[in-house]
Amino acid sequence: MGFYVVQALTGLASASALFLAAAGLSIIFGVTRIVNFAHGVFYMLGAYMAWTLTSQFGDSVLGFWLALIVASLSIGVVGLLVELTVLRRIYQAPELFQLTATFGVFLILQDVTLAIWGPEDLLGPRAPMLDGSVTVLGHPLPSYDLALIVLGPLVLAGLWFLFYRTRWGALVRAATEDREMLGALGVNQRLLFSTVFFLGTALAAFGGAAQLPKGGADLLMGLNILASVFVVVVVGGMGSIPGAFLAALLIAQLNAFGILIFPQGTLVLMFLVMAVVLVIRPKGLLGKAEGASRIESRALIEAAYPAPGVWERSFWALAIAALALLPLAGDAFALVLTKDILLFVLLAASLHFLLGPGGLVSFGHAAFFGCGAYAAALLVTYAESSMVLALLLAPLLAGCVAIIVGWFCVRLSGVYFAMLTLAFAQVLWSIVFQWTSVTGGDDGLLGVWPDTWANDDTVFYYLVTVLAIGGILLLRQAVHSPFGFATRAGRDSMLRAEALGLHVKQVQHVAMVFAGALAGLAGALYAFSKGSAFPDYMGIEMSFDSLIAVMLGGVQSLLGPLFGAGLFSWAAHELSTLSYWRGILGLLIVVLVLAFPRGLAGIPAAFRAARERLA
Amino acid sequence: MAEPLEVQSLNSYYGSAQALFDVSLQVAPGEAVVLLGRNGAGKSTTLKSIMGLVPRREGRLRFGERDIAAMQAYRIARLGLGYVPEERRVFAALTVEENLLVGQKEQTKSGDGRTNPWSFERLFQLFPNLAELRGRLGGHISGGEQQMLTIARTLMGNPSLLLLDEPSEGLAPIIVQQLGAAIKELKDMGLSLLLSEQNLKFASAIGDRAYVLESGHVRFAGTVDQLLADEEGRRRWLSL
Ligand SMILES: Nc1ncnc2c1ncn2[C@@H]1O[C@H](COP(=O)(O)OP(=O)(O)OP(=O)(O)O)[C@@H](O)[C@H]1O
Ligand SMILES: [Mg+2]
């Protein structure tokens with residue numbers, strides 16, 4: 001009995017840090033409607049900053065707690081700077097741009113942290129007076145946990161006062177409902193947004209700082225907390241702070257007890273809870289159904305994708321000719337690189353089909369890539385299947401997974417859709433990662449080689465080229481098919497499309513399965529190309545890399561994303577040995593989103609406009 | 001003293017669709033002007049354009065000495081324009097009192113230096129129904145009460161010109177009567193009014209002058225009496 005009580009108390013303690021971070025994200029989302037991916041990095045920065053300050057001043061009780069607070073406020077200022085320089089420019093931009101830009105900020109600050117504090121994990125300091133443990137029903141509980149347990153409700157109460165007893169709070173809540181109306185009443189939203197962003201990041205940083213004595217600081221904590229925070233915020237209802245509190249308690253308890261029952265699957269459990277909640281209550285536990293109803297319409301990405309012209313046809317002819325002739329150059333490394341690039345381009349093209357024509361922002365597209373890779377690897381490993389059979393079945397299996405995932409996801413839209421896709425991708429990832437006996441876990445599955453007839457660099461290269469180009473052409477054919485028109489009609493106006501007799505959700509579902517199957521094909525080929533399958537293939541980073549590649553190229557163009565993906569994947573090969581390559585990438589993303597919101601494909605137009613302005 | 005509003009050759013767009021074509025109108029200080037037209041004629045768009053709430057607008061827009069054509073909504077509001085939207089847009093999760101609080105501008109920046117006559121008490125005199133509803137959520141009161149609240153909320157910001165978008169729409173006759181009385185009182189206080197309406201009877205009881213819009217064009221400009229006399233025009237532009 002005592003054991004369970006202590007376990008529950010431990011859960012409560014970890015709920016606090018989670019709640020702080022989630023409340024911050026929720027507040028920011030509620031007002032700015034931006035899902036701030038950089039949020040995780042502020043949590044992490046809070047911990048690092050607190051580490052530095054407590055090592056200086058943390059010996060007295062007052063010094064320790066002041067250090068935590070000052071650390072949080074200073075990171076809040078960093079957040080404010082980010083708001084002023086980046087976010088402020090993209091409030092009206094399409095969701096996808098905002099997400100990508102904040103992810104860019106994440107990458108930059110991640111590397112800044114690495115540069116300042118180094119790669120080693122930092123051990124948390126001991127909190128003065130709270131470094132012992134108390135005995136609860138015969139079981140020890142760290143005293144610091146008690147402090148954390150008190151901290152959560154304390155902050156909740158403070159926030160409640162701020163939001164329900166001050167005019168600023170009323171403005172923030174009003175902004176959550178209807179920003180435009182607030183402006184028409186004479187409220188300067190910029191100021192409001194900046195203060196909200198400051199508060200949100202400071203809260204995240206405080207979360208990171210507060211858990212420092214418990215968990216220390218490391219470079220992965222940003223990404224790790226991000227996934228949990230998303231779950232908490234979505235389960236609680238985006239923008240609802242009591243919802244975030246409730247959900248943080250729920251998730252933390254789930255983790256505390258889940259680890260006893262199902263030690264391998266806590267991640268899966270968490271995301272399953274999220275999926276169930278979202279299906280039953282699409283706006284989360286305490287999310288308001290009408291809350292999101294009046295968001296001023298953003299410039300949608302209403303790309304029409306004109307049919308290919310002469311220029312584009314000649315590009316394809318040239319590209320195919322170049323690819324066909326490449327083996328003659330006799331450069332083995334060039335073949336390997338081109339293979340990788342082509343497969344990544346196919347993945348990006350399939351994602352682009354969802355993002356562009358489908359208007360579906362998927363954060364978990366790598367899941368299908370990974371499914372394809374693992375389907376192939378498992379078939380080869382356990383069924384001794386031939387490569388041909390594996391290549392046939394893998395896209396089908398990835399498509400089947402997409403049928404299931406899609407069934408849940410298409411019920412939602414916008415950020416909820418994005419988060420649910422991310423959640424499913426994480427579930428699949430953790431299944432693969434944790435089910436070691438079958439999937440090999442972190443060690444992956446090895447020995448996935450092509451059949452003997454294709455086990456020649458040149459032959460396999462041609463196989464990859466033909467299938468990848470075939471897949472890409474199939475995707476672009478689909479854009480111009482009646483099915484492609486249907487997806488665009490649903491994207492541009494749900495009501496109008498339904499009035500035309502289209503079942504928009506069904507069309508979206510099919511689009512997900514189609515794109516998922518082609519991503520699966522890319523994944524299967526990738527597995528054979530590398531001779532292995534690893535959990536990374538379906539990790540968050542992979543999903544984001546493909547998103548970034550599409551963004552780089554420009555969502556509203558068909559060729560752009562292909563270039564973007566090619567460039568990205570080439571750059572990743574060339575630059576990934578640099579120690580700050582992710583940070584550089586982040587900087588590039590932010591600059592691109594701010595300067596060329598239409599991606600690479602928009603650069604000519606941007607220059608033309610600039611020239612006209614000068615003339 | 002209130003300032004005159006002057007709109008000249010206003011063209012407004014939603015994306016690539018043009019909703020207003022060369023709309024010109026004036027509201028003199030203290031004047032009550034009504035904007036009439038069928039559904040989709042462009043009444044709301046006109047008011048939103050003045051307030052800076054449409055995606056794209058072109059033309060000459062002046063409020064007193066100020067050029068407001070490129071100004072953001074919040075700045076326009078701070079100059080003394082008050083906007084009461086057609087859909088009311090009451091903050092549903094805020095109490096009635098909080099809704100009013102949001103409408104109140106920071107005291108220091110009262111635009112033209114007029115003292116603000118509006119307080120909760122003064123507004124509750126104008127709209128007695130709201131008094132008992134102070135603690136109720138904006139989303140939990142009736143449509144008529146919401147209409148009063150949205151007007152009261154805008155008044156809290158002490159506007160000198162009030163843009164009212166179809167305030168009588170969808171309300172019971174008795175409520176419309178109360179509302180008409182309140183609006184007349186505002187007019188008597190010296191507020192300028194620009195009132196969009198489909199209800200000619202309601203409009204003519206309040207307005208001095210009228211403009212009639214049809215498919216984004218001004219088809220009539222004159223006094224309310226002239227419009228009432230122009231049966232042919234009324235049939236062409238207003239009857240359903
Ligand atoms: N948000 C919008 N996006 C695109 N078109 C719009 C939008 N709002 C209005 N329109 C179009 O602009 C035109 C004018 O509409 P507006 O709302 O100004 O008319 P109205 O006179 O206020 O009509 P009602 O009496 O129905 O309120 C209409 O053709 C309408 O379809
Ligand atoms: Mg209207």
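Letters A, B, ... are given to chains in the order of the sequence lines, protein chains preceding strands, and every chain is numbered from 1.
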Trainee: Is any side-chain heavy atom of A:Asn188 closer than 4.5 Å to a side-chain heavy atom of B:Arg78?
Mentor: yes
Trainee: Pick from B:Arg153, B:Arg75, B:Lys48: which one has the most heavy-atom pairs with chain A under 4.5 Å?
Mentor: B:Arg153
Trainee: Give, as side chain, backbone, both or neither, the part of B:Ile76 having an atom under 4.5 angstrom from any heavy atom of chain A.
Mentor: neither
Trainee: State whether the number of non-hydrogen atoms from other residues, nucleotides or ligands found under 6.0 Å of B:Tyr14 atom OH is greater than 12.
Mentor: yes
Trainee: Roughly how far, to the nearest 0.5 Å, is the CD atom of B:Glu98 from the OG1 atom of A:Thr166?
Mentor: 9.5 Å
Trainee: Need one label for B:Val90: side chain, backbone, both or neither, based on atoms under 4.5 Å from any heavy atom in chain A.
Mentor: backbone
Trainee: Could you give the distance from CG (B:Leu94) to CG (A:Leu171), rounded to the nearest 0.5 Å?
Mentor: 9.0 Å
Trainee: So how far is it from B:Tyr74 OH to A:Leu182 CG, rounded to the nearest 0.5 Å?
Mentor: 12.5 Å
Trainee: CE of A:Met181 to OG1 of B:Thr154: how many Å apart, nearest 0.5 Å?
Mentor: 5.0 Å
Trainee: More than 12 non-hydrogen atoms from neighbouring residues, nucleotides or ligands closer than 6.0 Å to CD on B:Glu121, yes or no?
Mentor: yes
Trainee: Can you give me the closest heavy-atom contact between B:Ala77 and A:Ala184, atom names plus distance?
Mentor: CB-O, 3.2 Å
Trainee: Taking all atoms of both residues into account, what is the closest heavy-atom pair of A:Asp178 and B:Arg89, and its distance?
Mentor: OD2-NE, 2.8 Å
Trainee: Assess whether atom CZ of A:Arg496 is packed by more than 12 heavy atoms of other residues, nucleotides or ligands within 6.0 Å.
Mentor: no
